[in-house]
Amino acid sequence: MKKTLLALGLSLSVLLPASADVAVDTFKAYKEKDTLRYQITLHNVSDVPQQGPILIHLYSRPDSSAKWAEVQNWDLEIIPSGGGWTQELDSSDELANAKAHKGYECNLVVTTPNSKVEKTAQIIDVK
């Protein structure tokens with residue numbers, strides 16, 4: 001009986017796809033003279049491709065008591081094993097929002113079929 005269960009388990013492990021793991025390597029927001037620049041870098045840290053949908057949502061809010069508002073979103077179909085995805089986004093509207101509210105926050109949410117990762121950005125002043 002034990003041998004039958006072990007054989008069945010091994011058979012299923014070959015048939016079922018391995019799950020990938022996407023990490024947020026970088027998520028920063030830079031206040032510059034005329035814009036707020038977001039820098040986002042994701043990385044598939046596993047040895048199998050991450051199949052989509054891979055949904056990436058960038059949110060902001062004026063302070064911690066306000067609701068999140070979407071700034072931008074992306075929908076990826078795949079991130080190859082060991083591969084990554086990088087995006088830079090400039091927004092003068094978000095700069096005005098950040099300047100008007102001392103408690104401005106931005107958040108990144110990455111959702112895959114197997115996981116969800118959230119990260120809050122560090123806002124850096126660039127002179």
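Residue numbers start at 1 and run along the sequence shown.
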Task: Smallest separation among heavy atoms of Ala29 and Cys106, with atom names - done: CB-SG, 3.9 Å
- [ ] Group every Ile, Leu, Val, Met, Phe, Trp and Tyr by side-chain heavy-atom contacts under 4.5 Å, then state whether Leu55 and Ile40 land in the same group.
- [x] no
TODO: Take Arg37 and Glu88 through the side-chain contact (heavy atoms from CB on, under 4.5 Å) test and state the conclusion after the steps.
DONE: CA-CA 7 Å; Arg37 175 169 290 172; Glu88 285 198 14; 3.4 Å; yes
Open item on the list: Tell me every residue that passes side-chain hydrogen bond (donor to acceptor under 3.5 Å, both in side chains) with Asp34, counting only those two or more places apart in sequence or in another chain.
Closed with: none
Open item on the list: So, applying side-chain contact (heavy atoms from CB on, under 4.5 Å) with Val71, which one of Leu108, Asn97, Leu58, Asp93 is it?
Closed with: Leu58
Open item on the list: Using every non-hydrogen atom in the two residues, find where Glu77 and Ile54 come nearest and quote the distance to one decimal.
Closed with: C-CD1, 4.4 Å
- [ ] List the atom of Pro113, the atom of Pro53, and the distance in Å for their closest heavy-atom pair.
- [x] CD-O, 3.3 Å
Open item on the list: For Trp68 and Tyr59, take the angle between the two ring planes, folded into 0 to 90°, and tell me which bin it lands in: parallel under 30, tilted 30 to 60, perpendicular over 60.
Closed with: tilted
TODO: List the steps, then state whether side-chain contact (heavy atoms from CB on, under 4.5 Å) holds for Val22 with Trp85.
DONE: CA-CA 10 Å; Val22 175; Trp85 178 84; over 6 Å; no
TODO: Only counting residues at least two apart or in another chain, list the ones meeting side-chain hydrogen bond (donor to acceptor under 3.5 Å, both in side chains) with Glu70.
DONE: His57, Asn73
- [ ] State, with a plain yes or no, whether a side-chain heavy atom of Pro80 is found less than 4.5 Å away from one of Gln50.
- [x] no
Task: side-chain hydrogen bond (donor to acceptor under 3.5 Å, both in side chains) against Glu118, all qualifying residues, sequence neighbours excluded - done: Asn107
TODO: For side chain to side chain donor-acceptor pair (under 3.5 Å), just list the numbers for Glu94 and Tyr104, CA-CA rounded to whole Å, side-chain angles, deciding distance to a tenth of an Å, and then say yes or no.
DONE: CA-CA 9 Å; Glu94 286 301 307; Tyr104 177 87; 2.5 Å; yes
Open item on the list: Using the rule side-chain contact (heavy atoms from CB on, under 4.5 Å), only one of Ile79, Leu76, Ile78, Thr112 pairs with Gln51; which is it?
Closed with: Ile78
- [ ] Nearest 0.5 Å please: distance from the CG atom of Asp63 over to the NZ atom of Lys102.
- [x] 13.5 Å
- [ ] Spell out, yes or no, whether Leu89 and Val109 are grouped together once hydrophobic residues are joined by side-chain heavy atoms under 4.5 Å, including indirect joins.
- [x] no
TODO: Check Lys31 against Ala98 and note the closest heavy-atom contact, atom names and distance.
DONE: CE-CB, 4.1 Å
Task: Tyr30-Leu95 co-clustered via ILVMFWY side chain contacts under 4.5 Å - done: no
